[in-house]
Q: 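Sending over a structure as structure tokens; questions will come in a sec.
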Amino acid sequence: MFVKSRDIKKAKLMMYLIPSAQKRTEWLKKNKVFFSMGENCYYHTKDIPAELYLLSLHDNVRVAANVRFITHDMIGVMVNKIDGFKQKYGRMKYYIGSIEVYENVMIGADSTIMYDVKIGPNAIIAAGSVVTKDVPEGTIVGGNPAKVIGKFEDFVIKRNKKTEQRPEKTDGIDKVIEYFWKNQSEE
């Protein structure tokens with residue numbers, strides 16, 4: 001596991017040098033960058049937390065583009081610089097906290113996950129959410145701050161029904177283009 005500052009700098013640099021999300025994920029796992037990273041994970045974002053050892057990803061976790069894991073704040077640094085506060089209240093410590101993402105979790109693009117949070121299992125974080133509290137098992141959360149907006153199982157059923165007739169990328173690009181654009185090309 002990376003713990004030295006030079007290793008953290010190397011990990012941050014590698015996130016930008018490795019162009020493929022799949023290759024970045026493989027590199028993160030192989031080098032044991034986080035406290036733990038389970039099987040079948042996908043780490044699309046190029047951002048990694050400042051305290052790498054405070055992030056744990058269990059099996060089958062998907063992290064979309066531009067997700068940020070915040071493992072600390074700087075309030076203590078600011079408060080300690082205020083005249084008289086340190087003498088009156090004592091020195092405020094630098095605050096850090098862990099983030100644990102259980103199995104079968106999807107974290108949508110542009111979300112922010114704050115310290116001291118546990119997510120899932122079987123949970124979805126909607127794109128653009130700010131997660132400040134634990135996310136219960138089997139739920140979908142969204143918003144700022146994120147709140148429960150649905151159930152994981154209901155989403156799976158609804159999505160399967162909605163996409164029942166749609167082709168998949170593996171069916172070939174021509175079939176996908178035909179399905180999504182056939183009405184426009186006829187105009």
Side-chain angles (χ1 to χ4, degrees), residues 1-2 8 11-12 15-16 20-29 32-76 78 93-166 168-169 180:
M1 178 169 42
F2 283 96
I8 292 170
K12 287 181 180 284
M15 292 297 93
Y16 286 92
S20 155
Q22 188 62 44
K23 296 286 184 196
R24 281 194 302 274
T25 303
E26 291 168 10
W27 187 87
L28 288 166
K29 185 162 176 66
K32 299 179 180 172
V33 173
F34 302 135
F35 178 78
S36 66
M37 187 175 205
E39 297 301 317
N40 195 33
C41 288
Y42 185 78
Y43 196 86
H44 189 82
T45 186
K46 291 184 177 191
D47 190 64
I48 55 176
E51 292 80 20
L52 304 169
Y53 46 87
L54 291 177
L55 178 60
S56 177
L57 305 175
H58 291 246
D59 295 337
N60 199 30
V61 171
R62 297 289 185 269
V63 178
N66 303 318
V67 170
R68 299 200 63 213
F69 294 98
I70 308 298
T71 53
H72 70 274
D73 69 30
M74 299 173 65
I75 295 169
M78 181 269 304
K93 290 182 178 180
Y94 184 75
Y95 193 89
I96 61 174
S98 63
I99 299 169
E100 188 162 14
V101 183
Y102 290 97
E103 61 274 351
N104 309 318
V105 171
M106 169 62 199
I107 303 175
D110 297 311
S111 293
T112 299
I113 314 301
M114 297 301 292
Y115 46 77
D116 292 336
V117 164
K118 294 180 184 330
I119 300 173
N122 304 329
I124 298 171
I125 310 300
S129 297
V130 177
V131 179
T132 60
K133 295 179 182 169
D134 290 353
V135 175
E137 178 176 354
T139 61
I140 303 169
V141 299
N144 180 3
K147 293 181 168 76
V148 174
I149 59 173
K151 292 182 182 175
F152 183 87
E153 192 172 330
D154 292 344
F155 172 80
V156 171
I157 293 166
K158 185 177 178 182
R159 175 62 63 91
N160 279 344
K161 186 176 180 181
K162 182 176 182 178
T163 60
E164 198 171 44
Q165 302 301 316
R166 289 185 181 188
E168 295 192 55
K169 286 170 45 175
F180 285 100

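Numbers for residues simply follow the sequence, beginning at 1.
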Q: Just verifying a value: how many Å separate Ile70 CD1 and Glu51 CD, rounded to the nearest 0.5 Å?
A: 9.5 Å
Q: Say you draw a straight line from CD1 of Ile157 to NZ of Lys151; how long is it, rounded to the nearest 0.5 Å?
A: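 Separation between the atoms: 10.5 Å.
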Q: Without swapping roles, check the side chain of Ser111 against the backbone of Ala126 for a donor-acceptor pair under 3.5 Å.
A: yes
Q: Tell me whether the rings of Tyr43 and Phe69 are parallel (<30°), tilted (30 to 60°) or perpendicular (>60°).
A: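 Rings of Tyr43 and Phe69: parallel, under 30°.
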Q: Can you see whether Ser56 engages Ser36 through a side-chain donor-acceptor pair at a distance of less than 3.5 angstrom?
A: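 There is such a pair between these side chains.
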Q: Taking all non-hydrogen atoms of both residues, which atom of Gly97 and which atom of Leu54 are closest, and how far apart?
A: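 The pair with the smallest heavy-atom distance is O-CD1, 3.6 Å.
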Q: Any donor-acceptor pair under 3.5 Å linking the side chain of Ser20 with the backbone of Gln22?
A: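 Looks like yes, one N/O pair under 3.5 Å.
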Q: Given the rule in the side chain to side chain contact (heavy atoms under 4.5 Å, CB included) test, do Val141 and Ile125 qualify, once you have shown the distances and angles that lead to the verdict?
A: CA-CA 5 Å; Val141 299; Ile125 310 300; 3.4 Å; yes
Q: Give a yes or no on whether the backbone of Lys118 and the side-chain of Asp134 come within a donor-acceptor separation of less than 3.5 Å.
A: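 Looks like yes, one N/O pair under 3.5 Å.
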Q: Kindly give the heavy-atom pair with the smallest separation between Arg24 and His44, and that separation in Å.
A: NH2-O, 2.6 Å
Q: Over all heavy atoms of both residues, which pair between Tyr53 and Phe35 is shortest? Give the atoms and the distance, please.
A: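 That would be O-CB, 3.3 Å.
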Q: Nearest 0.5 Å, what's the OH-CD1 distance between Tyr16 and Ile48?
A: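 Answer rounded to 0.5 Å: 9.0 Å.
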Q: Go through the steps to decide whether Thr163 and Arg159 satisfy the test side chain to side chain contact (heavy atoms under 4.5 Å, CB included), and finish with yes or no.
A: CA-CA 6 Å; Thr163 60; Arg159 175 62 63 91; 3.6 Å; yes
Q: Please name the pair of heavy atoms, one in Ser129 and one in Gly142, separated by the smallest distance, quoted to 0.1 Å.
A: OG-CA, 3.1 Å
Q: Ignoring hydrogens and geometry, is there a side-chain-to-backbone donor-acceptor pair from Thr45 to Ala65 under 3.5 Å?
A: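 Not a single qualifying donor-acceptor pair exists.
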Q: What are the two closest heavy atoms between Pro49 and Phe34, and how far apart are they?
A: CD-CE2, 3.9 Å
Q: What distance do Glu137 atom CD and Phe152 atom CZ have between them, rounded to the nearest 0.5 Å?
A: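 The CZ atom of Phe152 is 10.0 Å from CD of Glu137, to the nearest 0.5 Å.
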Q: Side chain to side chain contact (heavy atoms under 4.5 Å, CB included) between Asp73 and Met114: does it pass, once the steps are laid out?
A: CA-CA 9 Å; Asp73 69 30; Met114 297 301 292; over 6 Å; no
Q: Mind checking the CG-NZ spacing from Asp116 to Lys133? Nearest 0.5 Å is all I need.
A: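 Answer rounded to 0.5 Å: 13.0 Å.
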Q: Tell me, yes or no, whether the heavy-atom count around Arg68 atom CZ, taken from other residues, nucleotides or ligands under 6.0 Å, exceeds 12.
A: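 No, CZ of Arg68 has 12 or fewer neighbouring heavy atoms, counting only those of other groups under 6.0 Å.
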Q: Tell me whether Glu153 at atom CD has more than 12 heavy atoms from other residues, nucleotides or ligands lying less than 6.0 Å away.
A: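 No, the 6.0 Å shell around CD holds no more than 12 heavy atoms from other groups.
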Q: Please report the closest heavy-atom contact between Gly108 and Ala64, naming both atoms and the distance.
A: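 Gly108 and Ala64 have their closest heavy atoms at C-CB, 3.7 Å.
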Q: From the options Ile124, Asn40, Asn60, Asp59, select the one residue that forms a side chain to side chain contact (heavy atoms under 4.5 Å, CB included) with Asn104.
A: Asn60
Q: Say you draw a straight line from CD1 of Ile107 to CD1 of Ile119; how long is it, rounded to the nearest 0.5 Å?
A: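 Taking CD1 in Ile107 and CD1 in Ile119, the distance rounds to 4.5 Å.
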